[in-house]
Amino acid sequence: GANGCIGKAAATITVKAKPVIDLSSVPTEACADEVVALTPTTGTWSGTGVSGTSFSSASSGSFELEFIENVSGCAGSATTTIAVTKPIAPVVSSSTVEKDGTVPVLTAVADGTINWYDTETGASVKVGDSYTPSIVTSAEKTFTFYATNTKNGCESKKVPGTITVTSCATAAPQMPVAQSICEGETPKEFTAVGANIVWYSAITDGKVLGTGASYLPIETVVGTHTYYASQNPSCEGPRASVTLTIREKPAIPLVENVS
């Protein structure tokens, strides 16, 4: 040291422990649109879907969240993952039945468990892919029921299915494709698929043009002509249409004979 003298000094270093972070209280699974409370709340959370100390996602997937806590100037961090399930809504059937007829069975297709509801806000009344409601078919009316798909404990939105009671449940026949011909050409027969087909000149009332599956148009005038057909297995259903377009034949130019 200076002048042959030695000086001494002491310094103290305090080593602080990093904060111990426990994220075991955070659930590892959630449903789409569910709000998950994140704990602990003494630090900062970050990640997709995080807002303050809560997490939510409208879509399915795996989401990694990070929590950082600073205690007495020492920072610690930890991560956790939440798997979000969003069930696909089921495909639900609808049906039509004639008055006093047998109640039809509604069906639903999905990749999870189907729950049926009699109302949009009520409790589930049936579990399974099909449901036969307890309704009376003595009067014309439309009944609406609902089905959901549950997967990994998460339930989809409700999808409606209807049963319509009508005086006649016959559907329109399956119609052929439209025709387009030139003026002077002969059209082909139209053939409809159904039972006891009747051909008409109009969508309602109108003249009966013929009966049977096939009908040969007789129009020759340039323009679009529309024909209608219904079927009648036990009662006459609505009419469907098909068109015949007759295109004008171009005039043949006159060529002067020059000799």
Side-chain angles (χ1 to χ4, degrees), residues 18-71 75-97 102-135 137 141-166 169 171:
K18 283 187 176 182
V20 176
I21 298 174
D22 180 11
L23 302 184
S24 61
S25 61
V26 179
T28 56
E29 295 182 342
C31 300
D33 298 317
E34 177 184 356
V35 178
V36 178
L38 300 175
T39 55
T41 60
T42 52
T44 302
W45 286 92
S46 63
T48 301
V50 172
S51 177
T53 56
S54 64
F55 165 82
S56 183
S57 174
S59 59
S60 61
S62 183
F63 298 83
E64 184 176 84
L65 312 183
E66 182 180 31
F67 177 75
I68 299 176
E69 186 175 15
N70 193 314
V71 177
S77 66
T79 60
T80 187
T81 300
I82 299 178
V84 177
T85 299
K86 184 175 184 178
I88 299 173
V91 177
V92 184
S93 69
S94 290
S95 190
T96 302
V97 61
T102 301
V103 177
V105 178
L106 294 177
T107 60
V109 178
D111 59 352
T113 301
I114 303 295
N115 279 273
W116 292 92
Y117 299 83
D118 283 339
T119 62
E120 195 167 9
T121 57
S124 172
V125 295
K126 171 78 165 31
V127 177
D129 296 341
S130 62
Y131 176 47
T132 305
S134 298
I135 60 174
T137 61
K141 183 178 179 179
T142 296
F143 299 88
T144 303
F145 306 93
Y146 302 87
T148 62
N149 175 31
T150 298
K151 191 172 183 181
N152 295 336
C154 301
E155 189 171 25
S156 73
K157 67 179 182 179
K158 290 183 172 70
V159 178
T162 61
I163 295 177
T164 301
V165 181
T166 178

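Expressed to the nearest 0.5 Å, how far OG of S93 lies from CG of D129 amounts to 11.0 Å. Interatomic distance, I163 CD1 to S95 OG, rounded to the nearest 0.5 Å: 6.5 Å.
Applying the side chain to side chain donor-acceptor pair (under 3.5 Å) definition to pairs two or more places apart or across chains, those involving residues 29-41 are S25-T39. Pairs passing the side chain to side chain donor-acceptor pair (under 3.5 Å) check and including a residue from residues 78-91, sequence neighbours excluded, read T85-N152.
Under the 3.5 Å distance criterion, the side-chain polar atoms of N149 are matched with a main-chain donor or acceptor of I88. Formation of a donor-acceptor pair under 3.5 Å by the T96 side chain with backbone atoms of A169 is not found in this model.
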Let me have the donor-acceptor pairs involving side chains of residues 60-68, under 3.5 Å, with sequence neighbours excluded, atom names and distances please.
none

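Scored by the side chain to side chain donor-acceptor pair (under 3.5 Å) test, T42 finds E69 as partners (sequence neighbours excluded). Take T164 and apply the side chain to side chain donor-acceptor pair (under 3.5 Å) test, not counting sequence neighbours, and it matches T142. With sequence neighbours excluded, no residue forms a side chain to side chain donor-acceptor pair (under 3.5 Å) with T53.
Between V92 and P160, the closest side-chain pair of non-hydrogen atoms is not below 4.5 Å. In this structure, the side chains of P90 and D111 stay at 4.5 Å or more apart for every pair of heavy atoms. With a 4.5 Å cut-off on side-chain heavy atoms, W45 and P40 count as touching. T48 has its side chain out of reach of S57: every pair of non-hydrogen atoms, C-beta onward, lies at least 4.5 Å apart. Side-chain contact between V125 and Y131 is present, with at least one heavy-atom pair separated by less than 4.5 Å. Considering only heavy atoms from C-beta on, V97 stays 4.5 Å or farther from F143 through its side chain. Side chains of I135 and F145 form a contact here, defined as non-hydrogen atoms less than 4.5 Å apart.
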Just do the side chain to side chain contact (heavy atoms under 4.5 Å, CB included) check on L38 and V26 with the steps written out, would you?
CA-CA 6 Å; L38 300 175; V26 179; 4.0 Å; yes
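Shown here for S130 and K126, the closest heavy-atom pair between the two residues is O-NZ, 2.8 Å. The two atoms that bring T119 and K158 nearest to each other are O-CE, 4.3 Å, heavy atoms only.
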